Number of protein chains: 2
Amino acid sequence: MSKAGFVTAADVAKLAGVSRSAVSRTFTPDAYVSPAVREKVLRAADELGYRVNRLAKDLQTSRSSMVAIVGARFYEPYVAGLLDDLSAALIGKGLHALLLNASSQDMTALLNLVLEYRVRAVIVLSGAPPRELIDQCLRARQRMILINRHMEDVEAGSIETDDRMGGRLAAEHLLAAGRRKLCVVRSGADTPSQRRRAAGFLERLDEEGIACERWVAGRGNYEAGCEAARSLLRGSGPAIAPDIDGVFAATDRTALGFLNTARFEMGVSVPQDVAVIGFDDIPEAAWSSHNLTTIRQSAPDVVAAVLTLLAEDDEDAGPRRVAIPVSLVERGTV
Amino acid sequence: MSKAGFVTAADVAKLAGVSRSAVSRTFTPDAYVSPAVREKVLRAADELGYRVNRLAKDLQTSRSSMVAIVGARFYEPYVAGLLDDLSAALIGKGLHALLLNASSQDMTALLNLVLEYRVRAVIVLSGAPPRELIDQCLRARQRMILINRHMEDVEAGSIETDDRMGGRLAAEHLLAAGRRKLCVVRSGADTPSQRRRAAGFLERLDEEGIACERWVAGRGNYEAGCEAARSLLRGSGPAIAPDIDGVFAATDRTALGFLNTARFEMGVSVPQDVAVIGFDDIPEAAWSSHNLTTIRQSAPDVVAAVLTLLAEDDEDAGPRRVAIPVSLVERGTV
DNA sequence: TTGTACGCGTTATCAA
DNA sequence: TTGATAACGCGTACAA
């Protein structure tokens with residue numbers, strides 16, 4: 001037994017009456033071992049409860065099977081869903097997720113950490129994404145995959161929702177519904193994604209020569225929506241049309257905060273008085289309590305793209321930049 | 001440079017003109033290095049972009065700083081929130097989370113995996129919890145922390161919400177509201193937690209000699225609530241009192257599914273026709289669109305308990321079993 | 001205070 | 001097919 005009390009290959013070898021290498025070979029795919037020896041080794045291993053030590057294995061092969069996932073706000077439904085899909089998919093490919101929460105942390109520490117583990121790749125989720133960390137990792141030639149965080153002239157795989165198009169679709173839909181007094185609402189999180197969505201929305205409006213309010217604030221996404229509704233709809237009575245008649249929220253949670261506050265706190269009817277459209281299509285958007293019209297971005301597509309980028313290990317060619325399509329989901333708030 | 005292209009301590013030593021152990025000592029807390037040497041080493045390390053290889057370090061010290069988190073359904077708000085808090089707290093303690101998604105996976109593979117990594121502890125979240133995995137880990141003397149999954153006569157730290165008391169509180173509250181035609185609803189997930197909550201609820205009702213319907217089915221938690229409402233409230237028109245007048249759902253999501261379907265699909269008024277109470281107090285419960293009365297269990301408390309159990313490293317004494325208190329949150333559905 | 005030498009547990013190489 | 005032996009990159013007695 002080793003110092004830490006774990007069973008080692010040597011222990012198994014001794015019990016089985018064979019050499020250490022025989023044990024190693026038994027547990028290494030496609031290696032030469034006679035059935036007889038293999039049987040003896042397996043029996044001994046089972047008896048001792050032996051497991052290959054991955055630390056030693058990875059050190060020796062200098063090839064870890066870990067993938068770091070760096071992100072924040074894992075409680076947000078869209079992120080949580082992505083995490084669920086991603087962790088399941090990775091394990092299916094024999095990879096394991098090292099989950100690093102970048103919220104409110106010392107970035108330098110996190111940076112050192114992620115590089116110390118010699119992971120096969122670092123996956124950076126959108127929110128709270130330390131630019132400095134990304135730079136340093138790339139300098140260390142650490143393989144990286146950026147989700148909704150593309151950076152030009154950077155040697156990293158990148159997966160991006162077509163945020164701009166999504167914003168345009170939202171604008172199009174509100175315009176088609178005859179809305180003209182519009183507002184775009186973003187949370188204080190202020191991620192690149194949210195900025196691009198808003199930009200696409202404004203761009204489409206600009207083409208029609210229609211003006212647009214902008215509202216940015218709030219801590220969480222949901223709370224931002226609540227605050228926006230209180231601020232924008234102030235003074236509007238139940239029967240009085242408010243100063244705006246259509247809102248595009250950069251995330252579904254923000255849209256839901258706006259929607260709920262408008263309906264239950266401000267007494268404003270949706271969509272009669274004001275139309276609301278969100279972005280992401282999280283499960284809660286489809287609930288009958290909200291029935292939110294929104295722009296869908298497919299999480300499974302993102303996961304598939306991650307696996308693709310992960311797969312093209314050494315081939316330098318291949319699609320290093322993947323776009324995730326979006327689509328309009330018509331429900332009852334426009 | 002090493003085979004994989006990473007910088008090693010030897011590289012740094014050569015550049016700095018010192019021995020390899022000097023490098024090692026520079027990066028080891030409380031070790032003897034003269035300021036002069038330390039400076040030279042740090043300069044060389046910075047120039048080369050050197051990072052300690054954690055695989056080798058952990059192997060050498062036979063002490064990994066990884067903690068495995070085994071769970072499923074990370075998209076559920078309560079689980080997602082726990083994951084967010086937990087990953088942040090662990091990193092604060094110098095520990096790192098290896099996230100293993102146990103859903104729809106080969107359990108044997110996952111079992112081998114978690115043991116191969118020689119993690120400092122395995123944290124098992126409630127849902128989809130493979131009993132076999134737990135047994136095997138314990139047999140391998142792997143340190144474990146079970147959340148909402150206590151097993152008698154088992155050598156593992158365990159953290160449990162006071163589910164039974166929560167169920168009793170729910171019953172008490174419905175009874176106090178004058179409800180007598182009651183039903184308890186659980187999802188098909190059928191976790192130990194949900195069973196205990198239902199049991200506590202029924203226990204309290206039993207003391208009053210009041211009968212109770214039971215409804216168990218559905219795939220997801222939310223969907224289970226929807227199905228329950230459709231099934232239990234069938235035939236009740238808007239103005240007609242249904243056959244039941246009070247429902248306890250074992251999770252908030254189930255409660256919300258029931259609530260929404262009752263209101264928007266069945267035309268049943270809540271709480272006038274039927275009262276609804278949930279469990280967990282997820283953020284969505286507080287939304288004005290739901291305003292769900294529920295039983296709160298505190299995720300931060302759970303995280304604190306995990307850290308406590310993790311801390312009592314070698315001391316065999318100490319609280320190996322921690323109970324998380326619950327409380328009633330009165331809102332508008334009872 | 002520094003350098004040498006050994007061990008952590010594994011895989012890979014090379015004779016036998 | 002098997003068993004010594006050499007890495008893998010690191011921490012750390014031990015000696016200098």
Side-chain angles (χ1 to χ4, degrees), chain A residues 1-41 44-45 48-66 112 115-119 140, chain B residues 1-42 44-45 48-65 112-113 115-120 140:
Chain A
M1 294 252 270
S2 78
K3 198 165 53 187
F6 282 109
V7 180
T8 77
D11 301 325
V12 177
K14 191 182 297 176
L15 179 60
V18 297
S19 72
R20 274 173 291 264
S21 340
V23 177
S24 179
R25 276 193 272 264
T26 304
F27 290 99
T28 303
D30 39 75
Y32 306 145
V33 206
S34 67
V37 172
R38 168 178 225 92
E39 186 56 35
K40 280 197 293 185
V41 169
L48 266 45
Y50 168 75
R51 323 270 165 179
V52 174
N53 184 330
R54 262 198 131 80
L55 268 46
K57 177 204 187 89
D58 288 356
L59 174 62
Q60 157 65 25
T61 58
S62 59
R63 181 173 185 75
S64 158
S65 52
M66 289 198 303
N112 282 324
L115 291 175
E116 284 176 11
Y117 271 106
R118 305 295 198 263
V119 296
Chain B
M1 295 255 268
S2 78
K3 196 166 55 185
F6 282 110
V7 180
T8 77
D11 301 325
V12 177
K14 190 182 296 175
L15 179 61
V18 297
S19 75
R20 203 189 49 67
S21 33
V23 178
S24 180
R25 278 192 270 263
T26 303
F27 290 99
T28 303
D30 37 77
Y32 306 147
V33 206
S34 66
V37 172
R38 168 179 225 90
E39 187 55 36
K40 281 197 292 185
V41 169
L42 285 178
L48 265 45
Y50 169 75
R51 323 270 166 177
V52 175
N53 184 331
R54 263 199 130 81
L55 269 46
K57 177 203 185 86
D58 288 356
L59 175 61
Q60 155 67 24
T61 58
S62 57
R63 180 173 184 76
S64 160
S65 52
N112 282 322
L113 190 66
L115 290 175
E116 284 176 11
Y117 271 105
R118 305 295 197 262
V119 296
R120 199 172 301 182

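Per chain, numbering begins at 1; letters A, B, ... match sequence-line order. Quantities reported herein were computed from a predicted structural model and do not represent experimental measurements. These values consider heavy atoms only, across backbone and side chains, with no hydrogens, waters or symmetry-generated copies.
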* Could you check how far CG of A:Leu115 sits from P of D:dG9, rounded to whole Å? => 16 Å

* Whole angstrom value for the distance that separates P of C:dA12 from OH of A:Tyr32 -> 12 Å

* To do: Between protein and nucleotides 10-16 of chain D, map the contacts as a letter string: B base, S sugar-phosphate only, - none, heavy atoms under 4.0 Å, written 5' to 3'.
  => BBBB---

* Residue list, side-chain hydrogen bond (donor to acceptor under 3.5 Å, both in side chains) with A:Ser65, at least two apart or on another chain -> A:Arg54, B:Tyr117

* Sub-4.5 Å side-chain heavy-atom contact between B:Asn53 and B:Thr8 -> no

* Asked: Starting at CG of A:Leu55 and ending at P of C:dT11, how long is that distance when rounded to a whole Å?
  -> 13 Å

* With sequence neighbours left out, write down each residue that passes side-chain contact (heavy atoms from CB on, under 4.5 Å) with A:Leu48, or none if nothing qualifies. => A:Val7, A:Asp11, A:Val12, A:Leu15

* Nearest heavy-atom neighbours spanning B:Arg118 and A:Val52 -> NH1-O, 3.7 Å

* Taking atom CZ of A:Phe27 and atom CZ of A:Arg51, what is their separation to the nearest 0.5 Å? -> 9.0 Å

* **Euclidean distance, atom CD of residue A:Glu116 to atom C1' of D:dG9 [Å, nearest integer]** => 13 Å

* **Counterpart residues, side-chain contact (heavy atoms from CB on, under 4.5 Å), relative to B:Ala140 (two or more places apart)** => B:Leu115

* Asked: Taking all non-hydrogen atoms of both residues, which atom of A:Arg20 and which atom of A:Ala13 are closest, and how far apart?
  -> N-CB, 3.7 Å

* Asked: What bend angle does the helix from C:dT1-D:dA16 to C:dA16-D:dT1 show across its length, from five-pair end axes and to the nearest 10 degrees?
  -> 40°

* Please report, rounded to the nearest Å, how far the P atom of C:dA12 is from the CZ atom of A:Arg63. => 12 Å

* Starting from P on C:dT10, measure out to CG on B:Leu59 and report it in whole angstrom. => 9 Å

* To do: Tell me, please, which residues at least two apart from A:Thr26 pass side-chain contact (heavy atoms from CB on, under 4.5 Å).
  => A:Val33, A:Arg38, A:Val41, A:Leu42

